[in-house]
Amino acid sequence: MSYATLSLTLLFVLIPLILSKTLHLGLEKDTLIATIRSIIQLLAVGYILKFVFESNNILYIFTMITLMIVAATANARKKGKKISGITWKVALTMITVEIIVQSILLGFHIVPATAQYIIPISGMAIGNSMVLSILFLNRFQAELEAYKDETELILSLGGTPKQAIHRQLINAIKASMIPTIESQKTIGLVQLPGMMSGQIIAGADPVQAVQFQLLILFVLLTTAAISSILLGFLSYPSLFNNRMQMLKDKF
C-alpha cells in the first residue's frame, strides 16, 4: 500500500466527522486528535520496529517490552487511585503475564526467539492485560461501594478481610474475564480476528493464519485469567488496616 492509497482511507475518518457535526455530537475535535495521534504513533512505531526486527538485538527487544509495560501501567493505574500501591501492583501483574507467556512460547519452541515474534505477541498480551486490569478495577470499586455495609457486617462478626471481600472480589474477576471468554465463543462466526485477517490479506495460507490466531486467542485467555486474579489478590489487602478494619477512604 502506497502513502497515496493510504491517504484515501481518511474517507473513513470523514464520515464520523460529518455525522458528529450534523447531529451536534461534539466529537469532531476528539476524532481529529485521535486520528492524528494514531497516524503519528503508528508510523513512528512502524519505523522503530523495522529497525528492531532487522537488528534482532536482545537489548532493543527488552527496551520495547519495558516501554509497553510502562505505558500500559500508566494508563491502567488511573482506574485504581484509591488502592495503595496500585502502580507497582499493575506493573507486577503485567510483568508476570509477560514472563509466563514468553516462558511457554519460547521454552517449548512454539515460536522462534526473534524480535519479529516476541514483540508483537508481547504487545497483544500486555495490551490485553491492561484492558483486563482496567475492567477489573472499575468493577471492583463499584462492588466495594455496593456491598460496603455487608463488608462491615462480616468484619464486625469476626470475619477476616478475605472473607469480607470475597464476594466483591470474585464478582469483579468474573466480570472482567467474561468479555474475553464470550468473544472467543463466536470467533470465526461473527468476526475474523485482526491477526488472522492481516495474514490472509498479506497472502498467507488461511489454515496457517488460523493456527497463529488460535495461538493468540489462547495467550489472551491466560492473560485475562492471570491479570484479573493476580491484580485482585494484590489489591484487596490494602483496603484494610492491621486490625482488620476497613479503611474508610478506600470505600
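Here, residue 1 is the first one in the sequence, and each next residue gets the next number. Predicted model, so just to flag it, every value in this text is computed and none were measured.
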TODO: Could you check I86 against L137 for side chain to side chain contact (heavy atoms under 4.5 Å, CB included), going step by step and ending with a plain yes or no?
DONE: CA-CA 10 Å; I86 189 60; L137 291 171; 3.9 Å; yes
- [ ] Tell me whether I226 is reachable from I99 by hopping between hydrophobic residues (I, L, V, M, F, W, Y) whose side-chain heavy atoms are closer than 4.5 Å.
- [x] yes
Task: Minimal non-hydrogen separation, V97 against S129, with atom names - done: CG2-OG, 4.0 Å
- [ ] Give the minimum heavy-atom separation between L106 and A113, together with the two atoms involved.
- [x] CD2-CA, 3.8 Å
Open item on the list: Between L132 and T223, is there a side-chain heavy-atom distance shorter than 4.5 Å?
Closed with: no
Open item on the list: Whether E152 and K148 form a salt bridge (side-chain N of Lys/Arg under 4.0 Å from carboxylate O of Asp/Glu) is what I want to check.
Closed with: no
- [ ] Indicate yes or no for a side-chain donor-acceptor contact from T22 to the backbone of L19 under 3.5 Å, with no hydrogens or angles considered.
- [x] no
Open item on the list: Looking at every non-hydrogen atom in both residues, tell me the closest pair between M130 and M94 and how far apart they are.
Closed with: CA-CE, 3.5 Å
Task: Interatomic distance, L67 atom CG to F62 atom CZ [nearest 0.5 angstrom] - done: 10.0 Å
- [ ] Quick one: closest heavy-atom pair of V101 and A125, and the distance?
- [x] CG2-CB, 4.4 Å
- [ ] Measure the shortest side-chain to side-chain distance between L231 and I173 over non-hydrogen atoms and say whether it is less than 4.5 angstrom.
- [x] no
Task: Chi angles and distances behind the side-chain hydrogen bond (donor to acceptor under 3.5 Å, both in side chains) call for S84, K89 - done: CA-CA 9 Å; S84 300; K89 290 171 182 175; over 6 Å; no
Open item on the list: Side chains of T35 and L10, heavy atoms from C-beta outward: is any pair under 4.5 Å?
Closed with: yes
- [ ] Please confirm whether the backbone N or O of P16 pairs with a side-chain atom of S20, one donor and one acceptor, at under 3.5 Å?
- [x] no
- [ ] For side chain to side chain contact (heavy atoms under 4.5 Å, CB included), just list the numbers for R139 and S176, CA-CA rounded to whole Å, side-chain angles, deciding distance to a tenth of an Å, and then say yes or no.
- [x] CA-CA 8 Å; R139 182 58 181 265; S176 60; over 6 Å; no
- [ ] Ignoring hydrogens and angles, tell me if any N or O in the side chain of S227 forms a donor-acceptor pair with the backbone of A224 under 3.5 Å.
- [x] no
Task: Side-chain touch K50/E54, heavy atoms, less than 4.5 angstrom - done: yes
- [ ] Taking the side chain as every heavy atom from C-beta outward, state whether L49 and M64 have any pair of such atoms under 4.5 Å apart.
- [x] yes
TODO: Name the orientation class of the two ring planes belonging to F140 and F136 (parallel below 30°, tilted from 30 to 60°, perpendicular beyond 60°).
DONE: parallel
Open item on the list: Can you tell me how far apart CD1 (I170) and CD (E143) are? Round to the nearest 0.5 Å.
Closed with: 11.0 Å
- [ ] Of all the heavy-atom pairs spanning P179 and L135, show the shortest one and how long it is.
- [x] CG-CD1, 4.3 Å
Task: Sequence neighbours excluded - ring pair (Phe, Tyr, Trp, His ring centres under 6.0 Å) pairs with any residue from residues 22-60 - done: F51-Y60
Task: Any donor-acceptor N/O pair, Q208 side chain to D205 backbone, under 3.5 Å - done: no
Task: Side-chain touch T180/M177, heavy atoms, less than 4.5 angstrom - done: no
Task: Derivation of the side chain to side chain contact (heavy atoms under 4.5 Å, CB included) call for L215 and Q211 - done: CA-CA 6 Å; L215 162 65; Q211 291 175 342; over 6 Å; no
Open item on the list: Distance check, rounded to the nearest 0.5 Å: S235 atom OG versus L230 atom CG?
Closed with: 8.5 Å
TODO: Check whether I40 and L32 end up in the same hydrophobic cluster, where Ile, Leu, Val, Met, Phe, Trp and Tyr are linked by side-chain heavy atoms less than 4.5 Å apart.
DONE: no
- [ ] Mind checking the CD-OG1 spacing from E145 to T151? Nearest 0.5 Å is all I need.
- [x] 10.5 Å
- [ ] Starting at OH of Y147, measure out to CG of L153 and round the result to the nearest 0.5 Å.
- [x] 14.0 Å
TODO: Decide whether I119 and I58 are clustered together by the hydrophobic rule: side chain heavy atoms of Ile, Leu, Val, Met, Phe, Trp, Tyr closer than 4.5 Å, transitively.
DONE: no
- [ ] Using atom types as modelled and distance alone, determine if a side-chain donor or acceptor of T222 lies under 3.5 Å from a backbone N or O of V219.
- [x] no
Task: Atom pair CE/OG1 of M68 and T73 - distance to nearest 0.5 Å - done: 13.0 Å
Task: ILVMFWY cluster, M124 and V70 together (side-chain gap under 4.5 Å) - done: no
Task: Atom of P237, atom of F233 and distance for their closest heavy-atom approach - done: CD-O, 3.4 Å
Open item on the list: Using only atom types and a distance under 3.5 Å, with no angle test, would you say the side chain of N128 pairs donor to acceptor with the backbone of L220?
Closed with: yes
Task: Shared hydrophobic cluster, I100 / F108 (ILVMFWY, side-chain heavy atoms < 4.5 Å) - done: yes
Open item on the list: Has Q141 got a side-chain atom pairing as donor or acceptor with K79's backbone, closer than 3.5 angstrom?
Closed with: yes
Task: Selection residues 96-109 - residue pairs positive for salt bridge (Lys or Arg N to Asp or Glu O under 4.0 Å), sequence neighbours left out - done: none
Task: Any donor-acceptor pair under 3.5 Å from S122 side chain to I65 backbone - done: no
Task: Test log, rule side chain to side chain contact (heavy atoms under 4.5 Å, CB included), inputs K78 and I134 - done: CA-CA 9 Å; K78 298 174 185 177; I134 291 172; over 6 Å; no
TODO: Check whether any side-chain heavy atom of I61 sits under 4.5 Å from a side-chain heavy atom of N56, and report yes or no.
DONE: yes
